There are 2 protein chains.
Amino acid sequence: MNKSEGLSEQAGNETSDLSKARLRAWLQILKVSRKIEGELREKMRTEFDTTLPRFDVLAALYRERDGMRMSELSKSLMVSNGNVTGIVDRLVAEGLIVRMPVENDRRASIVRLTPAGEKDFAERALVHESWVSELFDDLSSSDADALIRILRNISHHNEAPHHD
Amino acid sequence: MNKSEGLSEQAGNETSDLSKARLRAWLQILKVSRKIEGELREKMRTEFDTTLPRFDVLAALYRERDGMRMSELSKSLMVSNGNVTGIVDRLVAEGLIVRMPVENDRRASIVRLTPAGEKDFAERALVHESWVSELFDDLSSSDADALIRILRNISHHNEAPHHD
DNA sequence: TGAAAATATTTCAAACCTAAAATATTTGTG
DNA sequence: CACAAATATTTTAGGTTTGAAATATTTTCA
């Protein structure tokens, strides 16, 4: 409840300078995020004839080469379960991934790349990285490190508290 | 084409350390952005019974108290024209904003807050700011400033080149 | 064992979002 | 003036996204 701001700065309802700076920071994160995401979406469409969500799923599966459960996938991408179902359906239809049964648990299924999906993603990942690097052309090495450090702090603080 | 990296680091196709650091930075931006956006969306739904996109439109109109054209709105929010049409339709139905004709241009319309919309937003904006500040609880004043500076650099570099 | 609770996923309705096509209006130009 | 080009917005089709409900299966425990 208390924001650990020392004194009674936050009493009543006037907002502190720190609170305003944090709001500005958030709006700026949102702005950059939308801009870059839009640019990447367009590249994906015009150059790869695919979409960002599909690419994100392939990327996650490329990191976990033995496959992931639907629930792991949705947690990793931070999107809802139902959302992943639709995207996976389309990628299966495209022959880039497959659904496999799980030993001893017929509720679950494991999704993993097909050889075609692996090949496709491997080729595209390098190009994708180069697009990102171009979009972040002005970002120096030290600023990149600072950015990563600060943002990691924020994500760690907002880590989902694990249920017991 | 050249990434101003001095030497032939980027020749062939192996990716540079800088390129990888930028990619990590981007993925971290995306992660924080999704996490925070998810938290705010849930707050909007459970506490305000509204959605983030609606709130964003009200916020934009609150800054431009005399109203904005649909096209200004979509540019400001960085979403497509058609998208704004739908959200505005719903906010009009809720009585929070109105569409007004524009003098001497019957193609355009100006959207602005109703008194009810103004009141609603003003009350909620403070609470929204406090949510953001809590989500960024670990973000110090100096880190907030650094974050804003670095991100502004990125957005400026990716500013849409204005047509003449 | 057998019912209740928990877990994994899909389905569903509604909203969001984009890109492209369609509509309506205004502007520019011969 | 006529009419092509430009501009502002809406409509449309299809994909994405959520949260809740539904389905199927597994686990827990009385």
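Quick caveat, the model's predicted, so the values are computed rather than measured. In the text below, chain A, chain B and the rest are named by the order of the sequence lines, each starting its count at 1.
Of the residues near DNA chain C, V102(A) and R107(B), the one whose nearest nucleotide (by heavy atom distance) lies more toward the 5' end is V102(A). Two residues, G86(A) and D105(A), neighbour DNA chain D, and the one matched to the more 5' nucleotide by heavy-atom proximity is G86(A). Remark on DNA chain C: of its neighbouring residues D89(A) and A108(A), the 5'-side contact belongs to A108(A), judged by nearest-heavy-atom nucleotide.
Taking atom CZ of R45(B) as the reference point, atom C1' of dA14(C) lies 13 Å away to the nearest angstrom. We find that CD of E37(A) is positioned 17 Å from P of dC16(C), with the value rounded to whole Å. Atom CE in M78(B) sits roughly 18 Å away from atom P in dC16(C) (whole-Å rounding). Rounded to whole angstrom, the span from the CD1 atom of I87(A) across to the P atom of dC16(C) amounts to 19 Å. At whole-Å resolution of the value, CE in M70(B) and P in dC17(C) are 13 Å apart. Computed from coordinates, the R34(A) CZ to dC16(C) C1' distance equals 11 Å when rounded to whole Å. The CZ-P distance, from R41(A) to dA19(C), rounds to 6 Å in whole Å. Spacing between atom CZ of R90(B) and atom P of dA14(C) amounts to 12 Å, rounded to whole angstrom units.
Contact check on E39(B) versus K43(B) returns no salt bridge, with no Lys/Arg side-chain nitrogen under 4.0 Å from an Asp/Glu carboxylate oxygen.
Comparing atom distances between the T51(B) side chain and each of dT10(C), dA15(C), dT16(D) picks out dA15(C) as nearest. Side-chain atoms of R106(B) lie closest to dT26(C) of the nucleotides dT17(D), dT26(C), dC16(C).
Phosphate contact (OP1/OP2 of dC16(C), side-chain N/O of R54(B), threshold under 4.0 Å): present. Under 4.0 angstrom from either OP1 or OP2 of dT10(C) there lies at least one side-chain N or O belonging to R99(A). Here N83(B) reaches the OP1 or OP2 of dT18(C): one of its side-chain N or O atoms lies under 4.0 Å away. Taking 4.0 angstrom as the limit, S71(B) places a side-chain polar atom (N or O) nearer than this to OP1 or OP2 of dT9(D).
Heavy atoms of R69(A) sit under 4.0 angstrom from primed sugar atoms or phosphate atoms, though from no base atom. Here L52(A) lies out of heavy-atom contact (under 4.0 Å) with every strand. Within the nucleic acid shown, S80(B) comes within 4.0 Å of at least one base atom, counting heavy atoms only.
R65(A) forms a cation-pi arrangement with Y62(A), by the criterion of a distance under 6.0 Å to the ring centre and an angle within 45° of the ring axis.
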Practice prompt. Would you sort out whether E47(B) and R124(B) count as a salt bridge (Lys or Arg N to Asp or Glu O under 4.0 Å), showing the intermediate values?
Written response: CA-CA 10 Å; E47(B) 316 262 316; R124(B) 293 171 170 185; over 6 Å; no
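Between the side chain of H156(B) and the backbone N or O of R152(B) there is at least one donor-acceptor pair closer than 3.5 Å. When atom types are taken as modelled, the side chain of S130(A) and the backbone of V127(A) share a donor-acceptor pair closer than 3.5 angstrom.
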